[in-house]
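Report on one structure; see the data block that follows.
Chain naming here is simple, since letters A, B, ... match the order of the sequence lines and numbering starts at 1 in each. Below, each value reflects all heavy atoms present in this structure, side chains not excepted, and no hydrogens, waters or symmetry copies.
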2 protein chains.
Amino acid sequence: MTKRDIPGIVIGRLPIYLRAIQRMAQEGQRVTSSKELGERLGVSAAQIRKDLSQFGEFGKQGTGYNIKYLSEQLRRILNLDVVWDMAIVGAGDVGNALAHYQGFRDRGFQATMIFDNDSGKIGKKIGNLIVQDISEMSKAIQQASIKVAMVATPANHAQEVTDQLVEAGVKAILNYAPIQISVPEGVRVEYIDPATHLQKMSYYLK
Amino acid sequence: MTKRDIPGIVIGRLPIYLRAIQRMAQEGQRVTSSKELGERLGVSAAQIRKDLSQFGEFGKQGTGYNIKYLSEQLRRILNLDVVWDMAIVGAGDVGNALAHYQGFRDRGFQATMIFDNDSGKIGKKIGNLIVQDISEMSKAIQQASIKVAMVATPANHAQEVTDQLVEAGVKAILNYAPIQISVPEGVRVEYIDPATHLQKMSYYLK
DNA sequence: TAGATTGTTAATCGATTAACAATC
DNA sequence: TAGATTGTTAATCGATTAACAATC
């Protein structure tokens, strides 16, 4: 099943919009406009209206967008009306920080498993997870029907770990290893690599 | 001073190219082509040639690009022929992982300071850094002429911390707090928020 | 009603790709 | 020489913005 053809760049902005309006909601605000939201995010009002119009009509002329309603709609569109269980692969510093991170739950995700291949770490507790042997990973992920994983291994293990995850049925991978990984059609990968962000900024630095 | 007008989207791809060819170099490869690099990264060969041609002529017809030479050139373009000192703000799980992260050094950066406002953390050692009181931050950053910082505080402190960093002369901020921050002209900000990446993927998840 | 703001269309702008002469 | 691949131009494609009728 392929989604109706909405550009990936639009999909990528929806979580940004959602984050901003959820913050507005927290601050007690009830209504916003494409103008206000755009100013807060540094994007044009027209772009916000255009993006949202791909999915329906969520605003009212003259008044703008009801924050609670728009927030519900965005969460529905992004499939965030459920909480997705996640596996973490790698129990080093990054895996550790991810296991402790409190910010996922409110935003539709929770880490429920963490794996490593280091016998010194297996069985240890990190947050409320117990580090499992990576040799158990495939079985555990299949049994729990896990669809989302975060890879926090060294670069040289990222591809083999990815292959195992895909084999076990994972469909979305957030890769912290500083290397491009390849996956079959139908599996999504996003990358987090602080050094590439820093390097992009250092271009402007002198 | 403004750089000659090269699109930010091009600058953003250079670190990706650099990462890939440095890996090729590690694997002992001497030469590559826009075709090979493109296939590895999932971008078109034409795009790679076009991007690189913004900065000079780095290849040879018939043979391609010398990896060592291209790598040097990219590092020069990105101002990575020096190591940039960085400050970390926030000594929670994220700050801790950043302080321990071994991957920066090879890529042009090193964390040399970490700050927190929790008296229970101040004075403690994280990796080879000692957590300093955030009230000392401005002075310390100015004295060391630090230009790059990573913000790893809760969202509600990110803006005030940013203001202090900018005031102290920081020009590039990597923000891990899940909130948009505003900075004056001439200061760059990049964002890392795992939840937005996950939410982008979950759109495609059912 | 008057003012504000939406959703949408058409115009503009910018980025990507295809094609190819040059040349190693 | 023949084959490969660059750097660059022109064509295509896609994304953003401006403008405005509709309407709350």
Side-chain angles (χ1 to χ4, degrees), chain A residues 2-18 20-21 24 29-74 76-77 200 203, chain B residues 2-18 20-21 24 29-74 76-77 200 203:
Chain A
T2 310
K3 292 270 185 168
R4 185 167 57 86
D5 195 17
I6 291 170
I9 199 166
V10 173
I11 306 302
R13 282 191 293 258
L14 299 186
I16 310 288
Y17 300 161
L18 178 58
I21 64 169
M24 287 173 174
Q29 200 176 331
R30 296 274 169 78
V31 171
T32 188
S33 66
S34 58
K35 179 159 180 284
E36 183 190 45
L37 189 55
E39 278 165 6
R40 187 183 286 221
L41 295 175
V43 305
S44 76
Q47 177 161 90
I48 290 172
R49 294 201 302 277
K50 189 97 200 292
D51 285 351
L52 296 178
S53 76
Q54 305 264 13
F55 303 95
E57 311 193 348
F58 306 121
K60 262 206 188 58
Q61 287 103 322
T63 53
Y65 300 91
N66 178 292
I67 284 176
K68 182 153 176 290
Y69 178 70
L70 181 55
S71 167
E72 279 165 10
Q73 293 303 308
L74 286 174
R76 178 185 55 74
I77 292 163
K200 181 176 180 188
Y203 171 77
Chain B
T2 310
K3 292 269 183 168
R4 186 166 56 84
D5 196 17
I6 291 170
I9 198 164
V10 173
I11 306 301
R13 282 191 293 259
L14 299 186
I16 310 287
Y17 300 162
L18 178 59
I21 65 169
M24 288 173 172
Q29 200 175 330
R30 294 277 168 77
V31 171
T32 188
S33 65
S34 58
K35 179 159 180 285
E36 183 189 44
L37 189 54
E39 276 163 8
R40 185 182 290 223
L41 295 175
V43 306
S44 77
Q47 178 160 88
I48 289 171
R49 295 202 301 278
K50 188 95 201 293
D51 286 351
L52 296 178
S53 74
Q54 304 265 11
F55 304 95
E57 309 195 351
F58 306 120
K60 262 206 188 57
Q61 287 103 323
T63 52
Y65 300 90
N66 178 292
I67 285 176
K68 183 154 174 290
Y69 178 69
L70 182 55
S71 166
E72 280 165 10
Q73 293 303 308
L74 286 173
R76 179 184 55 72
I77 291 163
K200 180 176 180 186
Y203 171 77

Whole-Å distance, Glu57(A) CD to dA22(D) P, equals 14 Å
What residues 67-74 of chain A contributes to the DNA chain C interface at heavy-atom separation below 4.0 Å is none
Atom CD1 of Ile6(A) and atom C1' of dG14(D) are separated, to the nearest Å, by 15 Å
Stems for DNA chain D (at least 3 consecutive Watson-Crick or G-U pairs, under 3.5 Å) come to C:3-24 with D:3-24
Taken to the nearest whole Å, CD/Gln54(A) to C1'/dG14(D) is 12 Å
Quiz item: Can you tell if the side chain of Leu37(A) reaches within under 4.5 Å of the side chain of Met24(A), non-hydrogen atoms only?
Solution: yes
Shortest non-hydrogen pair, Glu36(B) vs Val31(B), comes out as OE1-O, 4.1 Å
On a heavy-atom basis, the closest approach of Leu52(A) and Phe58(A) is O-CE1, 3.5 Å
Letter by letter from the 5' end, nucleotides 15-21 of chain D scores (B base, S sugar-phosphate only, - none; protein heavy atoms under 4.0 Å) SBBBB--
_Taking Arg76(A) first and then Glu72(A), would you say they form a salt bridge - that is, a charged N and a carboxylate O separated by under 4.0 Å?_
no
Does Tyr65(A) make a side-chain N or O approach to OP1 or OP2 of dG7(C) shorter than 4.0 Å? yes
Taken to the nearest whole Å, CD/Glu36(A) to C1'/dA4(C) is 14 Å
Taken to the nearest whole Å, CD1/Ile48(A) to P/dT5(C) is 13 Å
Lys60(A) NZ to dA22(D) C1', in whole Å, measures 15 Å
When rounded to whole Å, the CZ to P distance for the pair Phe58(B) and dT8(D) reads 11 Å
Rounded to the nearest 0.5 angstrom, the CD-CD1 distance for Gln47(B) and Ile9(B) is 7.5 Å
- Item | Under-4.0 Å side-chain N/O to phosphate OP1/OP2 contact, Ser34(B) with dT6(D) | yes
**Asked** Are any of the side-chain heavy atoms of Tyr65(B) and Ile21(B) separated by less than 4.5 Å?
**Response** no
Closest heavy-atom pair, Asp51(A) versus Tyr17(A), reported as atoms and distance to 0.1 Å, is OD2-OH, 2.6 Å
Are the charged groups of Lys35(B) and Glu39(B) less than 4.0 angstrom apart, N to O?
-> yes
